Amino acid sequence: MAVYEFKQNPILGKYKAVAFDLNRGIVLSQKSTHAMMQGLMRHAVHCDMIWQRMLAREAGVDIYQGIVMYNVLYFSMHAFSGNFFTDWICLHWIKDFHVKRHDQAIFNSIALDENGLVYNFAFDSPKPNLTKIIGQYLFHNHYYSDLYYQHMLQENNLRVTAINSDSILHNSNYYVQLDLYAIDSFKKLADKFYNHVLNLHLLTIVKEFKPLDYLHREHRFFTKQIIKIRYNR
């Protein structure tokens, strides 16, 4: 649900991060948040950093400060471009938040059990325009998730449902609308990014996206071209 960075001053001299996990509770880790998020990038298909930066540019958000997946949004307290050493909050577990005197941000979780258990996470020294940036990323996530939902329905006849429907991700009162989205389908979004990646000659993206069979079938030509470039065939 949240990860706090202690790399500069490790707890007990060795723990570089503290994670609040819904299943495991409070977890002390010798890994930094950088290492944790790199692991997430490797194992979550939609989470590749180049893909994320392309999404952010396409959406027109002010700064790279979030990782958008389908109805899942990881948000850093500070920009993470080139540096993941920062605190993170999982907004898909958050119901609401407020910034207190511009020196502390407090996030309240959704109810986590039948007894109404709620967690409150506080972060010091947030960015002055934190509310705006979160609102932009919430709209960004909403738009991207809608494209993904429509794609899965049309191309695969699958209905994917939102998790944590009472989280802030689904509360339009927090959205800050972005006007720069010119893409009206997930396939067009993928096509645009794949062409860009083709120009960059990045084979790694193909490896990241191979598990998405429906995209792999639609982009066989792209895959073949990347392999030709890679092996000079």
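On a predicted model such as this, the values are computed, not experimentally measured, just so you know.
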Exercise for review: Identify the heavy atoms of Gln104 and Asp124 that sit nearest to each other, and give their distance.
Suggested key: NE2-OD1, 3.2 Å

**Study point:** Ser167 side-chain N/O to Trp93 backbone N/O, donor-acceptor pair under 3.5 Å
**Key:** no

Point to revise | Distance, nearest 0.5 Å, that separates CD1 of Ile94 from CD1 of Ile134 | key: 9.5 Å

Point to revise | Nearest atoms (heavy-atom pairs only) where Met77 meets Gln65 | key: O-NE2, 3.2 Å

Check your understanding: Is the NZ or CZ atom of Lys16 both under 6.0 Å from the centre of the six-membered ring of Phe6 and within 45° of that ring's axis?
Key -> no

Exercise for review: Could you pull out the closest heavy-atom pair between Ala56 and Tyr137, with the gap in Å?
Suggested key: CB-OH, 4.0 Å

Exercise for review: Mind running side chain to side chain contact (heavy atoms under 4.5 Å, CB included) on Lys95 and Ile168 for me, showing each step along the way?
Suggested key: CA-CA 5 Å; Lys95 186 176 183 63; Ile168 195 173; over 6 Å; no

Point to revise | Pair Phe20 + Phe121: ring centers closer than 6.0 Å | key: yes

Practice item. Could you walk me through whether Met1 and Trp88 pass side chain to side chain contact (heavy atoms under 4.5 Å, CB included), step by step? Key: CA-CA 8 Å; Met1 294 184 291; Trp88 291 81; over 6 Å; no

Check your understanding: Of all residues at least two apart in sequence or in a different chain, which pass the ring-ring contact (aromatic ring centres under 6.0 Å, His included) check with Phe123?
Key -> Tyr4, Phe107

**Study point:** Single hit among Asn171, Asn108, Asn173 for side-chain hydrogen bond (donor to acceptor under 3.5 Å, both in side chains) with Asp96
**Key:** Asn108

Revision key, fill the gap. Residues at least two apart in sequence or cross-chain that pass salt bridge (Lys or Arg N to Asp or Glu O under 4.0 Å) with Lys132, listed by chain then number, are Asp62

Study note, to complete from the structure: Interatomic distance, OG1@Thr131 vs CD@Gln136, rounded to 0.5 Å, equals 11.5 Å

Check your understanding: Roughly how far apart are Leu117 CG and Leu112 CG, rounded to 0.5 Å?
Key -> 5.5 Å

Point to revise | Shortest non-hydrogen contact between Leu138 and Leu73, atoms and distance | key: CD2-CD2, 4.0 Å

Review point. Looking only at heavy atoms, which two atoms of Cys90 and Ala2 are closest? And how far apart?
Key: SG-N, 4.5 Å

**Study point:** Joint hydrophobic cluster, Val176 plus Tyr174, side-chain heavy atoms closer than 4.5 Å
**Key:** no

Practice item. Looking only at non-hydrogen atoms, find the nearest pair between Tyr175 and His170 and report the distance. Key: OH-CA, 3.6 Å

Review point. Given the rule in the side chain to side chain contact (heavy atoms under 4.5 Å, CB included) test, do Ser32 and Phe85 qualify, once you have shown the distances and angles that lead to the verdict?
Key: CA-CA 7 Å; Ser32 65; Phe85 299 123; 3.4 Å; yes

Practice item. Establish, from distance only, whether the side-chain atoms of Thr33 and Glu5 form a donor-acceptor pair under 3.5 Å. Key: yes

